[in-house]
Number of protein chains: 2
Amino acid sequence: MRVGTAETVDAAGMRAQNSSLLLNMIWRERQISRAEIARRTELSPSTVSAIVADLEHSGLVRNIGAGVSRGGRRPTLIGFCDDAYSIVGVELGATHVTAILTDLRGRVRVHRHAPQAVRDDPKSTLQKVKELVQECLEAERVPKRSVLGMGVAVPSPVHPSAPGKLSPLIVPAWRDYDVQEWLKSAFGMPVLVDNDANLGALSECYWGAGVGGEDLAYIKLATGIGCGFIIHGDVYRGSGGTAGEIGHIAVDSSGPQCVCGLRGCLVTLIGSVPLVERARELMGTKGRRAPTVRELVEGARAGEQAARQVIDSLGHYLGIAVAGLLNLLNPAIVVLGGEISSVGDLLLDPLRTSVRKRALSTSMAETRIVTSALGDKAIAVGAATLVLQAALRNRSLFPLQHVGRTA
Amino acid sequence: MRVGTAETVDAAGMRAQNSSLLLNMIWRERQISRAEIARRTELSPSTVSAIVADLEHSGLVRNIGAGVSRGGRRPTLIGFCDDAYSIVGVELGATHVTAILTDLRGRVRVHRHAPQAVRDDPKSTLQKVKELVQECLEAERVPKRSVLGMGVAVPSPVHPSAPGKLSPLIVPAWRDYDVQEWLKSAFGMPVLVDNDANLGALSECYWGAGVGGEDLAYIKLATGIGCGFIIHGDVYRGSGGTAGEIGHIAVDSSGPQCVCGLRGCLVTLIGSVPLVERARELMGTKGRRAPTVRELVEGARAGEQAARQVIDSLGHYLGIAVAGLLNLLNPAIVVLGGEISSVGDLLLDPLRTSVRKRALSTSMAETRIVTSALGDKAIAVGAATLVLQAALRNRSLFPLQHVGRTA
DNA sequence: ATACTTTCTTCATCACCCGAACGAAGCCAG
DNA sequence: CTGGCTTCGTTCGGGTGATGAAGAAAGTAT
């Protein structure tokens, strides 16, 4: 059992902790006065001033004018410098690579995308990542010392004790590669790696439907079905890093055989491939080619019967798994991501119906189920957010770029 | 999103934090020298000495002789005073009340038990609790100031924002009672309340199969089927306190109708009632009365076919739910509790087989599934452990009983 | 016996937070 | 627009607690 805090504190540690706390508060509030910080933190005004001055010298916060008076002298508002540093976010998908550059508020400043056979070709994948990231950095002329680090989303579970190694069961070709080490030595900056669904969840928690909350479940609907949890504000990985493997939950004992050995796994029923295949069948003679997911979405929106039917069954099957999830974990909110989720209510309605039939009313009552509104860069943004989260928690992760007071 | 630590630190806070850290280390290690503490915590030897002296004066630790030399002066070992304080643990079961008194190492010093209609009679239940606890305190002549507090296990989900109120859906008769407030004002000591399965999980994590780990799932097999999670060393309650409601997961769509509205819920198949009922049927004309759970366990051990068959089907159905749990949460260990779990391998074998057929090999590989060895007081001990955990994390929760240096 | 280690304490020092006092800046009468 | 009051932010001793060096205590190795 874990008991108590793991870290000791000395005078310097005290300052580090208070400093990080203030940095967080300023980041969260966007603008706040020293006096208000002192009231909320119960730190003395003098301490707050000292720390704020410190943060100001390192370029992380700045004066942004006066606020409204509360009956006396007007407060000077402090704001967070969203542009003080940049963060690199990388998504390794099944068939593509995305690289982005964000500021400290999750805004995407540059964006590069390339098709890539990720599963089978680690060598050229990593090379491609290097290219795209370099393009991003050069496009904005960002000096390396003002980059906080790089977050990487990978389509595989990530074991907590070896975050750079991908699962040999899911992507055997990557057996001899350590993503984290490779990119770290290629760029000379901190690299954090996590599973794509986990980072989608983090993205939603910071910038999407979960803002303000601390517990969230995210389901990524794509070729595979992934699931990520945020628990107490942190990505939850499980003891072996495979938490959230929702794709192989059996929801129909008479369903089709899955490669994993079971029958009626979620992926065999609502993965992108069986979904578009089913749509093709339902459309009958009309088309011999299966539609893309995008076409499916458009069809459903346009009211096409076949597309609607496919989405309905998606909602039905997914609901069985989501009900189990609600009963077990009781998250505050469940967010659906992936391209197909953009149909919105067309999916949510049958899903909610299916869930309501199966979940306890107590766990249902408090849980919101929504679709993501973050778009196709959500995962890459989540990867960058992983770095942001780490830095905001520990101010010392911000490299010192402003030595002295070169205002 | 939560970012960073929530608490500020001043000089006193620094001491409090370091003090708690040392207290934990001494508790965990049972015996350790000042020098060793300094090495592990990276605190200076002088600081360690000062804090240890402080802890010694308050009676929490003491000198327990010399250790073996490492080539120089022999270290003086510091040990934790397990008897410095007592903790009260209370279990409210479906049909009984248990009260215990433990030391700071989870050892049960006194134990009182009484049948009680808990569900329908809150008033006399609370009165009974008061009686039993008072008996415990008097039996050991424990003065109130040396009691850390009281932990209470209740057969209902507990909402994080109102820990004393039970769920009106599960136990409607308790609508107007606040367990926490009632007992707090009755005894004038801190009272912590949690769900029984959650506290079973905590118990296992501290004293049972999960010792040393931080992530664990516990399944309580009784009249109802409950489930508790320990995540990062803490009880996980979910956003509304209903995490772990595994009992109403549907595992057989053609199963019997449940009161919750679904078909084939876990409780309707493997709750104590359907279990013994099934055993009665299988035993045919032999007996008209259904056996008790205890008799079922004894029968299975003795090799009776009917009992074995019932246990087998229990393992089969439970395996379906456990497989889902492994895929979703990937705990390091799953512990089965409740009276029926005492059959051990007779249950574990069919359970593991059932799980293996359904869970991903990755999540299975690292997960141990075991039965509890803590006995029938596990839940009450877990309740006491909740108080112990809180106190070890925050030394200031230990009341000051030794004013001055009355050695 | 002597030299070397390790343990634990003592003491001067230093970093940091605090509280009080103060100047700055605004509100609100009269 | 002037004086009292409030709020904001800073300056400056003072106190608390961790530190590191030095030393005493108590071993081991030769």
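Please read these numbers as outputs of a predicted model, since none were measured by experiment. Convention: sequence-line order gives letters A, B, ...; per-chain numbering from 1.
Evaluation of the side-chain contact (heavy atoms from CB on, under 4.5 Å) rule for B:Arg39 yields B:Ala35, B:Glu36, B:Arg70 as partners, not counting sequence neighbours.
Using cut-offs of 30° and 60° on the angle between ring planes, the pair B:Phe80 and B:Trp27 is perpendicular.
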Please list, pair by pair, any protein nitrogen or oxygen found under 3.5 Å from a nitrogen or oxygen in nucleotides 2-4 of chain D.
none

Report summary line: Per-nt protein contacts along nucleotides 19-30 of chain D (heavy atom under 4.0 Å; B base, S backbone sugar-phosphate only, - none) come out as BB----BBBS--
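OP1 or OP2 of D:dC8 sits under 4.0 Å from a side-chain N or O of A:Arg39. Contact check, A:Asn18 against C:dC16: no side-chain N or O comes under 4.0 Å of OP1 or OP2.
Salt bridge present: A:Asp194 and A:Arg237 bring a charged side-chain N and a carboxylate O closer than 4.0 Å.
Remark: P of C:dC16 and CE of B:Met14 are 10 Å apart, rounded to the nearest angstrom. Taking atom CG of A:Leu21 as the reference point, atom C1' of C:dC17 lies 14 Å away to the nearest angstrom. With rounding to whole Å, A:Asn63 atom CG is found 12 Å from D:dC8 atom C1'. As a whole-Å value, the separation of A:Asp54 CG from C:dA15 P is 14 Å.
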Report task. Would you please test B:Ser19 and B:Arg395 for side chain to side chain donor-acceptor pair (under 3.5 Å) and show each step? Result -> CA-CA 7 Å; B:Ser19 180; B:Arg395 196 202 135 185; 3.0 Å; yes
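A distance-only check finds no donor-acceptor pair linking the side chain of A:Asn198 to the backbone of A:Ala201 [under 3.5 Å]. The backbone N or O of B:Ile37 lies less than 3.5 Å from a partner atom in the side chain of B:Thr41, making a donor-acceptor pair.
Two residues are said to be in side-chain contact when any heavy atoms from C-beta on lie closer than 4.5 Å; A:Phe398 and A:Leu148 meet this criterion.
When only modelled atom types and interatomic distance are considered, A:Arg107 and A:Thr102 share no side-chain donor-acceptor pair under 3.5 Å.
Nucleotides of DNA chain D nearest to A:Arg34 and A:Ala11 differ in position, and the one nearer the 5' end is that of A:Arg34.
Distances from the side chain of A:Arg15 to the nucleotides C:dC16, D:dT16, D:dG9 place C:dC16 closest.
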